[in-house]
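First the structure, in the form of structure tokens, and then the observations on it.
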2 protein chains.
Amino acid sequence: MDDLLVTEGRALKHVQVREYVRTLVTGAAPGSPAPSERELVHRFGVARMTVRQAMDALVVEGLLERIPGRGTFVARPRRTASRLTSYSEEMARRGLLPESQTLLARREQAGPGVARALNVSEGDAVIHWRRLRRADAQPMCIEDAYLNEVLIPGFLQSGMPTSLYDALEARGLRPTWAEDSINADVASEDEAELLELTPGASVLRHSRRGSAGEKVVEVSRTVYRADRFTMWLQVGAES
Amino acid sequence: MDDLLVTEGRALKHVQVREYVRTLVTGAAPGSPAPSERELVHRFGVARMTVRQAMDALVVEGLLERIPGRGTFVARPRRTASRLTSYSEEMARRGLLPESQTLLARREQAGPGVARALNVSEGDAVIHWRRLRRADAQPMCIEDAYLNEVLIPGFLQSGMPTSLYDALEARGLRPTWAEDSINADVASEDEAELLELTPGASVLRHSRRGSAGEKVVEVSRTVYRADRFTMWLQVGAES
DNA sequence: GAGTGGTCTAGACCACGAT
DNA sequence: TCGTGGTCTAGACCACTCT
């Protein structure tokens, strides 16, 4: 939120110092020295506590590392839990070309399960979006996404986007938090036909409840061809 | 109030204030007010910047939340990515009784795949621990864990623990970071026999590379009965 | 108007690392 | 010895909330 003030001419001093140091430091190799606190005091004509406030923020961010008696240095990037990735991003990471074919996109009344997951009342309007997704032209998965229409009015009318997560991000609603469940199963007849499998072939089922802040924005169920898809994830955080 | 501080002979002032506030605040309901900064200034006879340093630390920890013009309050606990949980913890969470039967526990020479994953050289000594794991007396999964023997000397001789993660934790090596891969498959004949399945039944395969700090401490492959196991996980972090 | 947190100053002394 | 970050002081003004 402080960042918003940078565009204004009257940015807070500690923000000015922080952003100045950030530009110096982004892209620099881990271990490179940052300016010393006293150097920044002279450069900006501010008190040392102000400089420390600026540097503190960057240290908390994980961008800088202080070493008493030596100085302040660019920190080695910390490993943290994965950002939630969209299907497009996932496939791009694997070097595959993602494609999507909308099978269904309409308003529905929320059933009991979807209503509970989306934190809405049964019968409330939700958007149901079903897509067959391919990678390098081969069927990969079928995804049923349910969205809370109250949060994204006019979504269906605005033309369906390529990437759901990009569309949500444009509205400030990209999920940053998700509860997932994953299990192994076999394909139903309908699924097998769409995925070009024989019924009974192995599939991976993935359910997600994705939230942005306090709001549940997405509930989805995806069924993947097990022979083409292995889920990768990183969990935990470096101490 | 001084009573709390007696344990520390020469604690730093901001640490004294921080720990005093922490004791007041732990267990308090989210939204409860913390002492105001000026109140702490008077109580401890310190400068306000010192109090702010103390409170800043608790805010960064996620314990407190500042609301300008109103005060400082106990924060609602933040959602963060799951701690890495052991099998025992996972089953306990589901209300099931975990059991483990060691099928194999010995030193081996690392093969190419395990060596690469564990960051050791091919042929280095590794510990291979294979267990059949049950939940409420029913077969649940087979786990093959590989451990870097250099990090845990005497592990095999010390008697096998019930929980690998507890044993690693006792050595300061509990993984806090993992790279996982998950896919769906069918049981092999050997797996089917141990898991009391028919060959070809659905299973969930889970591979993990778990690290503590910079060290890779655990590489494991686990095969779960799909009819009894659904993986749950939480990803991302609240913004 | 009183109280709160947010920002900021202009100094100070300390422990520690490098030279 | 000199420079570094770590700690600390005793004030100040601001914007904001609550009553």
Taking 4.0 Å as the cut-off, does a side-chain nitrogen or oxygen of A:R52 come that near to OP1 or OP2 on D:dG6?
yes
Atom-to-atom span, CZ of A:R70 to C1' of C:dT19 - whole angstrom:
14 Å
Looking at residues at least two apart in the chain, or sitting in another chain, which of them share a side-chain hydrogen bond (donor to acceptor under 3.5 Å, both in side chains) with A:W129?
A:T102
Does D:dC8 have OP1 or OP2 under 4.0 Å away from a side-chain N or O of B:T50?
no
Across all chains, not counting sequence neighbours, the side-chain hydrogen bond (donor to acceptor under 3.5 Å, both in side chains) partners of B:R38 are none
Proximity to the side chain of A:V46 - top-ranked nucleotide from C:dT9, D:dG5, C:dG6:
C:dT9
Between atom CG in B:L58 and atom P in C:dG5, what is the gap in whole Å?
13 Å
Please list all pairs meeting ring pair (Phe, Tyr, Trp, His ring centres under 6.0 Å) that have one or both residues in residues 61-85 of chain A, counting only residues at least two apart or in different chains.
none
Once side-chain hydrogen bond (donor to acceptor under 3.5 Å, both in side chains) is applied, do any residues pair with B:E65, and if so which ones, sequence neighbours excluded?
none
Contacting residues from residues 31-43 of chain A, given that a heavy atom lies under 4.0 angstrom of DNA chain D
A:S36, A:E37, A:R38
Should A:R48 be listed as having a side-chain N or O under 4.0 Å from OP1 or OP2 of C:dT9?
no
Closest of C:dT7, D:dA10, D:dG6 to the B:A47 side chain is D:dA10
Are A:R130 and A:E108 ion-paired here, with the side-chain N under 4.0 Å from a carboxylate O?
no
Return the set of residues passing salt bridge (Lys or Arg N to Asp or Glu O under 4.0 Å) with A:E149 (not counting sequence neighbours), or none when no residue passes.
A:R107
